[in-house]
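Below is one structure, written out as C-alpha cells, with a few remarks after it.
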Amino acid sequence: MGEKEVSKQFLEAFEFQGIKRREFLKFCGATAALLGLSELYIPKIAAAIEKAAKRPPVVWLNFASDSGCTEALIKATYPNAADLVLDILSIDYNETIMAAAGKQSEEIREKSRKAGGYILIVEGGVPTKKGHGMIAGKEMLDILKEMAAPAVAIIAVGSCATFGGVPAAKPNPSQIIGVTEALKKAGVKKAVVNLDLCPVNVEYLVGVVVNYLLLGKLPELDSFGRPKMFYGQTIHDNCERRAHFDAGRFVERFGSNEEALGYCLYKMGCKGPMTYSACPKVQYNDRVSWCIKAGAPCIGCAEHDWPDKFAGFYNRLPDVKLPGIQATADKIGAVAGVATAVGIAAHAIASSGRAKKAGGEK
Amino acid sequence: MANELKYEWSLAYRVEHWVRVIAIAVLVFTGFYIHWPFITGGAEGAVMSWMRFFHSVAAYALVLGLIVRVYMALNSTFDRDWKDFSITKNLKDLPDMLAYYLFVNDTHKDYRKYNPLQALAYLFIAALIIFTTLTGAALYKGNAFGFINAAESFRWVNTMLGGESYTRIWHFLSMWVFLIFVGVHVYMSLLQAAVNKDKTFMSIFTGYKLKKTS
C-alpha cells in the first residue's frame with residue numbers, strides 16, 4: 001500500500017477497548033465514504049487517526065444550549081470506533097463532562113489557550129446581552145473571543161452554536177446569536193465550520209475532524225459555512241419515503257393506515273424539501289434510525305433561522321407574520337380571491353346601471 | 001358613427017396570448033397540487049412526479065413566452081409597441097381611465113392599443129412573471145434549461161426573502177396575484193365587449209376588433 005500501515009500496537013490498543021481491528025477498518029471505510037474519498041484512502045485515514053493518538057487537543061465550549069450535543073457525543077449505545085476517535089482527541093476542556101471544577105477548570109482553559117493549536121468546538125449560542133450568559137464571572141462572548149484566536153480550527157456544533165437555534169427563537173430575551181455572527185461582532189476573522197443539526201450528528205463531527213487530520217484543512221463550505229459534503233442535498237432528495245412522494249401517497253393523519261404503511265409525511269408538515277442535510281444517508285446512533293424513519297416529519301433543524309421560520313412544525317408552510325396579522329398563506333390567498341370576486345360583481349352591477357342610464361338618455 | 005373591423009391582433013400575438021393562458025392554467029392547477037396534494041396516488045403511477053413535470057414545462061413556456069413578447073415589442077415585424085408601455089405616460093393618463101372605470105366619467109380618451117390601466121397591468125404581470133420565475137427557480141433543485149444549477153444560482157433569492165420556507169410563501173402568494181389578474185382581465189374584456197359592442201372579447205380568438213372611424 002506504500003502508505004504507512006497502521007501499527008500493530010495501535011490496533012492492540014483498540015482491541016483492548018473492545019474494538020476489533022475489523023470494526024476499526026470498517027469505520028475508516030465508512031468515514032472515507034462519508035468524505036467522498038475512494039477506498040484507497042482507508043489506510044491513510046487509519047494512519048491519520050493513529051497519528052491523532054498523539055492527542056491533538058480539543059477545547060469544547062458550552063454556551064446557551066441544553067448540552068444535547070454533548071449528550072449525543074457521550075451517550076452512544078455501545079462504544080464504537082467513532083466514539084474512540086473522539087476519545088483519542090484530548091478533550092482538554094468541556095464544562096459538562098470534565099472532572100475538574102471551579103478555579104481548577106479555568107486554569108485548564110487558560111493553559112490550553114496559552115498553548116494554542118487546539119481544535120475549538122463550540123456548543124450553544126452566544127448571549128450578547130450583558131449578564132445573561134456567564135461562566136466563572138466571564139461573559140460567554142468574551143470567552144469565545146479569547147479562545148477563538150489561538151485555535152487552529154473552529155467547529156460550531158448543533159443549531160444553537162451555528163445560528164442561535166432554539167435559545168435564539170423569538171423573543172430571544174438574551175439576544176443570543178450563533179458563533180459565526182458572534183465572532184464577526186467580536187472582530188475575530190476566522191472561518192467557522194457550522195455543523196447545524198439538533199443535536200449534531202456525531203458522524204459529521206468525526207468526518208470534519210478526520211478530514212482535518214487527514215488533509216490538514218477544513219472541508220469545502222457552503223454559503224452558510226456548512227460542509228458541502230454533508231449539507232449539499234436536501235433531505236427530501238435522499239429520503240427513503242421519496243417514492244411515496246413521487247407517487248402521490250401521503251400520510252393524512254397520525255395513527256392512520258397510511259402512516260403504518262410508511263407513506264410520505266409531506267402533508268404532515270415535513271420540512272425535508274427545504275432542509276439540506278445528509279440525515280437519510282448517515283442517520284443517527286450508528287445508522288440505527290433518524291426522524292423520518294421513526295415516523296416524524298422533518299422539522300428543518302439543519303437550517304438557518306430554525307426554528308422561527310419553520311414553525312409550526314406540522315404545517316406545510318410557516319405562518320405569514322405581518323404587523324398585526326398572523327395567517328396561513330392559504331387564508332391570505334382565499335381572502336384576496338373572494339375580495340376580488342366581490343369587487344368584480346359590484347363593478348358589473350354598477351356598469352349595468354350605467355348602461356341602463358345611457359339607454360334611458362337615448 | 002361608423003365602425004369598421006380592424007386587424008388588432010396578428011397571429012403571433014394571439015399564439016403568444018394563448019400559450020400564456022395554457023401555461024398559467026397548468027401552473028395554477030399543478031401548483032395547487034404541489035402545495036396540497038389533493039389526488040392520492042395508487043400502488044402504481046407517479047401523480048406528484050407528473051404534476052411537477054408539467055409545472056416545470058409550463059414554467060418554461062411562461063418564461064419563454066415573456067421573452068418572445070419582449071422581442072415582439074422591440075421588433076417592427078410585429079407591432080413594435082414598447083412605447084405603449086411607457087410608465088410615465090401611462091401614469092399621467094391613468095386618472096382619466098380610472099375615472100371612467102369608477103363611474104366618475106362616462107367616457108374616456110382614445111388610446112392606441114392599450115389603455116393606461118391595461119398597459120400598466122400588463123407591465124406588472126411581466127414583473128410578476130419574473131418574480132414568480134425567480135422564486136420558482138430558487139425552489140427548483142434541478143438544472144434549469146439543463147445547465148443552470150438552480151439551487152446554487154438562485155440561492156440569493158432565498159437569502160433575500162428570508163429563507164427557503166419564505167420563498168415558498170411568496171411563490172404561492174404570487175400565484176394568487178395571477179389568479180386575481182386573470183379574473184379582472186377576463187371581466188374587463190367581457191365588460192368592454194358588452195358595453196361598447198366592439199368584439200373585444202372575441203378579438204383574441206379572431207384577431208379582429210371594431211374600431212370607431214371618424
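A, B, ... follow the sequence lines: proteins, then strands. Residue 1 opens every chain.
Residues B/H171 and B/M175 have side chains not in contact (no heavy-atom distance under 4.5 Å, counting atoms from C-beta outward). At least one side-chain heavy atom of A/N194 sits less than 4.5 Å from a side-chain heavy atom of A/F163. By the 4.5 Å heavy-atom criterion applied to side chains, B/L5 and B/L210 are counted as neighbours. Using a 4.5 Å heavy-atom threshold, the side chains of A/Y276 and A/E303 count as touching. In this structure, A/K267 and B/P37 have side chains that are in contact, with non-hydrogen atoms separated by less than 4.5 Å.
Note: A/A247 leads A/G353, A/C264, A/S223, A/A247 in heavy-atom pairs under 4.5 Å with chain B. Counting heavy-atom pairs under 4.5 Å between each of A/A334, A/A243, A/G343, A/A341 and chain B puts A/A334 at the top. Put simply, of A/A350, A/G333, A/A329, the one with the most heavy-atom pairs under 4.5 Å next to chain B is A/G333. Ranked by heavy-atom pairs under 4.5 Å with chain A, the list B/I34, B/L190, B/T167 is led by B/I34. Highest contact tally toward chain B, considering only A/Y266, A/F245, A/F310, is held by A/F245 [criterion: heavy-atom pairs under 4.5 Å].
Within residues 116-149 of chain B, the residues having any heavy atom closer than 4.5 Å to a heavy atom of chain A are B/K141, listed by residue number. Annotation: residues 48-70 of chain B contacts chain A through B/M48, B/S49, B/R52 [non-hydrogen atoms, separation under 4.5 Å].
A/D196 and A/H304 are not linked by any side-chain donor-acceptor pair at a separation below 3.5 angstrom, with hydrogens and angles left out of the test. In this structure, a donor-acceptor pair under 3.5 Å is present between the side chains of B/D198 and B/T200. Remark: the B/T88 side chain and the B/S86 side chain contain an N/O donor-acceptor pair separated by less than 3.5 Å.
Remark: side-chain polar atoms of A/T128 are paired, donor with acceptor, to backbone N or O of A/Q175 under 3.5 angstrom. Counting only distance, with no hydrogens or angles, the side chain of A/R249 and the backbone of B/A43 share a donor-acceptor pair below 3.5 Å. A distance-only check finds no donor-acceptor pair linking the side chain of A/S256 to the backbone of A/E252 [under 3.5 Å]. Of the possible polar contacts, one joining the A/K309 side chain to the B/G162 backbone as a donor-acceptor pair under 3.5 Å is found.
Of the atoms belonging to A/A339, not a single heavy atom falls under 4.5 Å from chain B. Heavy atoms closer than 4.5 Å to chain A are found in the side chain of B/Y33, but not in its backbone. There is no contact between B/F32 and chain A, counting heavy-atom distances below 4.5 Å. Looking at A/D330, the atoms closer than 4.5 Å to chain B (heavy atoms on both sides) sit in the backbone and in the side chain alike. Heavy atoms closer than 4.5 Å to chain A are found in the backbone of B/I39, but not in its side chain. Proximity to chain B (any heavy atom under 4.5 Å) is shown, for A/F224, by neither the backbone nor the side chain. Contact annotation for B/F103: both backbone and side-chain heavy atoms come within less than 4.5 Å of a heavy atom of chain A. For A/H236, no part lies near chain B; criterion is any non-hydrogen pair under 4.5 Å. For chain B, the nearby part of A/L317 is the side chain; its heavy atoms alone come within less than 4.5 Å. Residue contact with chain B, scored on non-hydrogen atoms closer than 4.5 Å, is absent for A/T275.
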**Message:** Is there a salt bridge (Lys or Arg N to Asp or Glu O under 4.0 Å) between B/E16 and B/R20? Walk through the geometry before answering.
**Reply:** CA-CA 6 Å; B/E16 193 275 325; B/R20 199 178 282 188; 2.9 Å; yes
**Request:** Would you sort out whether B/Y208 and B/W9 count as a ring-ring contact (aromatic ring centres under 6.0 Å, His included), showing the intermediate values?
**Result:** CA-CA 7 Å; B/Y208 287 97; B/W9 309 110; over 10 Å; no
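The side-chain contact (heavy atoms from CB on, under 4.5 Å) test with B/V26 singles out one residue from B/T30, B/V28, B/I24, and that residue is B/T30.
For the residue pair A/I292 and A/C239, the shortest heavy atom distance occurs at CG2-SG, 3.8 Å.
Cation-pi geometry between A/R242 and A/Y263 is not met: the NZ or CZ atom fails to fall both under 6.0 Å from the ring centre and inside 45° of the normal.
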